[in-house]
Novice: 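Below is a structure I'd like to ask you about.
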Amino acid sequence: MKFNVSSSALLSALQSISKVIASKNTLPILDSFLFNIEGGKLTITASDSETRLVTSIDVVSADGSGMFAIDAKRLLDPLKELPEQPLVFDINDDSMTVNVDYENGKFNLPGQNGDAYPQQKPLRENAISLALESQILLNGINRALFATADDELRPVMNGIYFDIQTECLTIVASDGHKLMRLSNASIRSGERASFILPKKPANILKNLLPKNSNSVTVVFDENNAYVKTATFEMVCRLIEGRYPNYDAVIPSGNPNRATLDRLSLLTALRRVSVFSNQASGLVKVQLSGNEMVVSAQDIDFSTSAEEKIVCQYTETPLSIGFKASFLIDILTNISSENVILQLADPSRAGVIVPVENEENEDLLMLLMPMMLND
């Protein structure tokens, strides 16, 4: 086999899929990229056995076809230092030695037979397909990742839940303390279905989707999901299990509502939280007479801080405690200029929603309170 390819095109393709390769693999060949040259197109695969990424580039010329694997690090490191120029790959079909010639030099690499690389099993016949804009999927993943858990005892909470309904697509993430729910009415399906996307492939999509402006097709069955775009294809194993009933934990009748500027609250929290107890991160929110007071203290170090923020609030005076870092994360993942804080009492979950939602979107954030000492 022999082919000629652009160094920058090859490097870009390899870097885009290299993040899926694990630092320690159960199969040594998974430390490598799988190359498949056929009909003037080079298809490259990277995998960690749970998640698989595939991309392809056009080659300048090709002589022969076949599959071979090259150690990822050994190939990537020298390619990063090469300026744009044509590379000639010459693979010995018997010894699997790979010779790479470029303008003023060459390097040799040991290759492996591509037949030893694990192949992906096809989806079942009852697989469900969903088409959506890449920006919609990216928005959902970006806003959901912060709310996912790291819980070995409840693995379903470690992923992002996609609840596909006939009237909308709802994306949910929760760790038991905070919850994000984003519904998009522009995505509809003829049947009810759902899946839980693990955190690693979600992070990979977060990095790859900004480079793709076209639509995305998600095809999934009970165990695996295929995510296909114009530039890459990802296959990942889904988290198995039943996701909790997220609607049941969202309070519907919080009567105390405060409308305020999101950035004012966010910057106040960042300043005041510096003075909170490092172990708890507790901040106190007091609402009364169109004013919010955000305060924190650390008795052990005799430090405290408070700030006042103007808001629209005409209900009964109320004090409630939240973990500052969680509340900061929630406000960071809302794009609206103003937010509404919906509360019932100091012991029940608070709901934060944007005043202005994006088109076809309905975003809701929930945060469990912390007990106040006073």
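The first residue of the sequence shown is numbered 1, and numbering continues consecutively from there. Everything quoted here is computed from the prediction, not taken from an experiment.
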Novice: My understanding is that only residues two or more places apart in sequence, or in another chain, count here; which of them pass salt bridge (charged side-chain N to carboxylate O under 4.0 Å, His left out) with E291?
Specialist: none

Novice: Is a side-chain N or O of D261 found less than 3.5 angstrom from the main chain of L263, in a donor-acceptor match?
Specialist: yes

Novice: Kindly work out whether a path of hydrophobic side-chain contacts (I/L/V/M/F/W/Y, heavy atoms less than 4.5 Å apart) joins L87 to L34.
Specialist: no

Novice: When you measure from the side chain of S12 to the backbone of A9, do you find a donor-acceptor pair of N or O atoms at a distance under 3.5 Å?
Specialist: no

Novice: Has R124 got a side-chain atom pairing as donor or acceptor with E222's backbone, closer than 3.5 angstrom?
Specialist: no

Novice: Does some side-chain heavy atom of Y102 sit less than 4.5 Å from a side-chain heavy atom of P86?
Specialist: no

Novice: Same cluster or not: V285 versus I334, using hydrophobic residues (I, L, V, M, F, W, Y) connected whenever any side-chain heavy atoms lie under 4.5 Å apart?
Specialist: yes

Novice: Sort out for me which residue in I70, I37, N99 forms a side-chain contact (heavy atoms from CB on, under 4.5 Å) with F89.
Specialist: I70

Novice: Given side-chain hydrogen bond (donor to acceptor under 3.5 Å, both in side chains), test S8 with E84 step by step and report yes or no.
Specialist: CA-CA 5 Å; S8 58; E84 161 58 22; 2.4 Å; yes

Novice: So which pairs with a foot in residues 133-149 pass side-chain hydrogen bond (donor to acceptor under 3.5 Å, both in side chains), sequence neighbours left out?
Specialist: Q135-N139, R143-S335, R143-E361, T148-K199

Novice: The test is side-chain hydrogen bond (donor to acceptor under 3.5 Å, both in side chains); show your working for Q165 and T170 and say whether it passes.
Specialist: CA-CA 8 Å; Q165 303 163 37; T170 302; 3.3 Å; yes

Novice: Remaining members of M371's ILVMFWY cluster at a side-chain heavy-atom cut-off under 4.5 Å?
Specialist: none

Novice: Charged N to carboxylate O below 4.0 Å: is that the case for K200 and E50?
Specialist: no

Novice: For D221, give me all partners under salt bridge (charged side-chain N to carboxylate O under 4.0 Å, His left out), at least two apart in sequence or on another chain.
Specialist: none

Novice: So, does D71 use its side chain to make a donor-acceptor pair with the main chain of S32 at under 3.5 Å?
Specialist: no

Novice: Assign the ring pair F68 / F35 to parallel, tilted or perpendicular, where the plane angle (0 to 90°) is split at 30° and 60°.
Specialist: parallel

Novice: State, with a plain yes or no, whether a side-chain heavy atom of L331 is found less than 4.5 Å away from one of M365.
Specialist: no

Novice: Give a yes or no on whether the backbone of M67 and the side-chain of N36 come within a donor-acceptor separation of less than 3.5 Å.
Specialist: no

Novice: Linking directly or through intermediates, with side-chain heavy atoms under 4.5 Å: list the remaining ILVMFWY members grouped with V274, chain and number order.
Specialist: F275

Novice: Give the other cluster members for I340, using side-chain heavy-atom distances under 4.5 Å between Ile, Leu, Val, Met, Phe, Trp and Tyr residues; answer none if it is isolated.
Specialist: V156, M157, Y161, V172, L179, I196, I239, Y243, Y246, V249, I250, V351, V353, V355, L364, L366, M368

Novice: Taking atom CD of E167 as the centre, does the number of heavy atoms from other residues, nucleotides or ligands within less than 6.0 Å exceed 12?
Specialist: yes

